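Scroll down for the structure; my scribbles are underneath it.
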Amino acid sequence: MNKVIPSVISLLALAAILAFALKDSIRPKEQLPPIKSSQPSQDAGIKSAKPSSKDVAQISEAASTSKFGARIYTSLQNPNMQWWFNLPPNSTPHIAPIKKLFIGQTFSIFSFLDKAQIKDGKFSVTYSIEVVTPDNARETLLKPTLFEGEKKSKDVILACPDIITANATKDYKEGRYFFEISAKDNISGQEAKGSTYADFVKWSPPNPFVGEKLVYDYIRGFYLQPSAEHLYSIFFSKDLNLEQKGAPNSLNYTLIGFLKAAFKNCSFLMDEIRKNFKSYDNLERSKIIFLMAICNADAIDDSLLTQKERDYQKRIREASFPDPYKSWDRVLGAAQMDMLFGEFMADGTYAPIRRVMDLLSYASEAEFAEKAIAEKKKPEAPSDREKFMLGILNRTAIYSLLRRAHQDPLIADYCIWAILNNDVPANGVAEFKPFFIKDANNSQHQTETPKAAGKKEPEHQNVKTPSIESK
């Protein structure tokens with residue numbers, strides 16, 4: 001497991017060494033390739049969601065044609081569009097269309113406009129969205145809507161701010177649905193249409209994955225192409241090990257963070273698993289009991305459990321799991337960090353990476369920890385122990401962010417965006433910025449990764465989407 005997804009907990013011992021020698025153990029890496037990310041949707045019910053972080057969602061990327069054009073996609077990516085907004089200049093967002101959706105599943109509809117003309121630095125377009133059902137009924141999802149704003153050039157691609165998020169309830173008929181966008185460039189007068197489709201089907205469980213490497217390749221690449229079938233195959237694989245030696249309660253908190261986020265964004269799947277609880281074997285039933293507990297879902301009905309399972313369910317629900325978005329715990333801080341990186345693997349969002357960056361604010365605590373280590377002094381007072389551990393967590397956070405930024409271009413881009421947009425804690429940015437920004441003009445980006453002497457880098461570092469399909 002740790003060969004493929006190294007945990008923060010396993011890096012904590014290394015951080016004690018890196019605490020006072022971090023900068024000396026850095027060596028430059030070549031610039032990372034373009035970003036690729038995908039995020040599942042979280043909302044239910046058809047609605048229009050306008051991103052609030054920017055007035056206009058756009059990216060400088062030339063379209064394949066000089067004519068005004070429109071595109072539309074169904075996807076499980078997060079409708080907050082952090083994967084579009086929170087990227088530095090010259091990065092390329094990754095859109096992950098999905099053509100197969102399950103009854104009960106939540107999904108989003110994204111639309112984009114190419115080559116809108118500009119006049120006095122501004123654009124003006126009008127667009128609408130419709131759906132054609134399997135019985136050829138046409139329904140309006142979005143009435144004609146005016147979209148205006150500023151952009152630098154005609155070649156900038158616009159992301160339409162009205163994102164339609166829907167839950168394919170049981171009222172949806174099985175079959176193929178077509179989603180269509182109609183748009184008009186109000187400056188040039190040109191019109192454009194775009195369409196896509198998605199097949200809505202009933203859930204049918206796939207086979208679990210076999211092989212540890214395959215399981216963890218899919219976990220690490222999950223956010224690139226989120227899939228309910230892949231999540232099911234991961235969870236029920238015999239090669240998914242939720243234990244980790246040396247961790248609190250011997251649990252792998254990276255996987256806990258991953259499962260919590262992935263199943264939150266795929267809640268219909270939990271209902272399907274619950275309905276078929278009786279059909280699973282003993283190990284699978286234990287994993288289901290554990291899953292429902294960490295996701296704060298309703299417990300499995302006692303009438304379906306053996307006495308041993310009832311006792312286990314009681315114990316697991318009485319257990320306390322760390323919350324990575326609450327105060328950093330002196331003992332469980334590394335577990336909290338692991339959960340955040342697991343959450344990122346599930347949905348590719350900016351929030352968990354930004355939460356890890358909060359630890360950069362403990363720069364003075366890091367200096368205290370460095371001095372204590374250099375002088376081989378053990379902090380005695382409770383306040384000093386707290387200060388020491390926060391300092392170690394600060395160094396571990398820097399190491400983890402840099403190491404993972406080298407492995408995953410989306411984390412690198414999130415870090416660069418945070419620096420360029422002043423979203424890094426003020427008292428931590430001076431030390432963090434040089435690892436990512438090469439010159440004073442912020443025009444060149446770089447990522448540098450600490451490498452401990454004698455420590456072999458793991459194989460399969462770069463995130464990729466596995467090519468093997470589930471059956």
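Since the structure is predicted, the reported quantities are computational estimates derived from the model, not experimental observations.
- Using a 4.5 Å cut-off on side-chain heavy atoms (C-beta onward), Ile288 and Phe235 make contact.
- Here the side chain of Arg274 pairs a donor or acceptor atom with the backbone of Asp298 at under 3.5 angstrom.
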So Val424 and Lys433, side-chain contact (heavy atoms from CB on, under 4.5 Å) or not? Walk me through it.
CA-CA 9 Å; Val424 176; Lys433 181 178 178 179; over 6 Å; no
Please evaluate residues Val156 and Phe123 with respect to the criterion side-chain contact (heavy atoms from CB on, under 4.5 Å), reporting the C-alpha separation (whole Å), side-chain torsions for both, the decisive distance (0.1 Å), and the verdict.
CA-CA 10 Å; Val156 167; Phe123 68 89; over 6 Å; no
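- Nearest approach of Asp185 to Val125, heavy atoms of both residues: CA-CG1, 4.2 Å.
- Considering only heavy atoms from C-beta on, Phe258 stays 4.5 Å or farther from Arg220 through its side chain.
- One N or O on the side chain of Asn252 and one on the backbone of Leu255 form a donor-acceptor pair closer than 3.5 Å.
- Screening Asp408, Asn265, Thr349 against Tyr223 for a side chain to side chain donor-acceptor pair (under 3.5 Å) leaves a single residue, Asp408.
- Not one N or O on the side chain of Lys260 forms a donor-acceptor pair closer than 3.5 Å with the backbone of Met339.
- Glu180 contributes no side-chain N or O that, together with a main-chain N or O of Ile72, makes up a donor-acceptor pair within less than 3.5 Å.
- Remark: of the listed residues Phe85, Phe436, Tyr350, Tyr350 is the sole one forming a ring-ring contact (aromatic ring centres under 6.0 Å, His included) with Trp417.
- Ring centroid separation for the pair Phe321 and Tyr253 does not come in under the 6.0 Å cut-off.
- Put simply, the side chain of Tyr127 never gets that close to the backbone of Phe112: no donor and acceptor are under 3.5 Å apart.
- A donor-acceptor contact under 3.5 angstrom links the side chains of Thr106 and Asn167, judged on distance only.
- Neither side chain, Ser108 nor Ser75, offers a donor N or O lying under 3.5 Å from an acceptor on the other.
- Closest approach of Ile163 and Pro79 over heavy atoms only: CD1-O, 3.2 Å.
- Side chain of Ser237 to main chain of Ile234: no donor-acceptor pair is present (N/O by atom type, distance under 3.5 Å, no hydrogens or angles).
- A 6.0 Å sphere centred on NZ of Lys99 holds more than 12 heavy atoms belonging to other residues, nucleotides or ligands.
- With 3.5 Å as the limit, one finds a donor-acceptor pair spanning the side chains of Glu148 and Ser124.
- A side-chain donor from one of Asp413 and Ser91 sits under 3.5 Å from a side-chain acceptor of the other.
- Residues Leu113 and Ile181 have side chains in contact (heavy-atom distance under 4.5 Å, counting atoms from C-beta outward).
- Here the closest non-hydrogen pair linking Lys184 and Phe68 is C-CE2, 3.8 Å.
- Residues Leu240 and Lys287 are in side-chain contact: their nearest non-hydrogen atoms beyond the backbone lie under 4.5 Å apart.
- Pairing each heavy atom of Ser227 with each of Phe222, the nearest pair is O-CE1, 3.5 Å.
- Proximity of the aromatic rings of Trp84 and Phe110 is defined here by a centroid distance below 6.0 angstrom, and this criterion is not met.
- Sorted by first and then second residue, the salt bridge (Lys or Arg N to Asp or Glu O under 4.0 Å) pairs with a member in residues 125-137 read Glu130-Arg138, Asp135-Lys173; sequence neighbours excluded.
- Ring centers of Phe107 and Phe200: under 6.0 Å apart, within the cut-off.
- A salt bridge does not link Glu272 to Lys202: none of the charged nitrogens lies less than 4.0 Å from a carboxylate oxygen.
- The shortest heavy-atom contact between Met337 and Leu359 is CE-CD1, 3.6 Å.
- If you check the side chains of Asp423 and Asn421, you find no donor sitting under 3.5 Å from an acceptor.
- Taking every heavy atom of both residues into account, Glu229 and Pro206 meet most closely at O-CG, 3.5 Å.
- Under 4.0 Å is where a charged nitrogen must lie from a carboxylate oxygen, and between Asp271 and Lys275 no such pair does.
- Remark: Lys193 engages no residue in a salt bridge (Lys or Arg N to Asp or Glu O under 4.0 Å) (not counting sequence neighbours).
- At a threshold of 4.5 Å between non-hydrogen side-chain atoms, the residues Phe102 and Leu269 do not count as touching.
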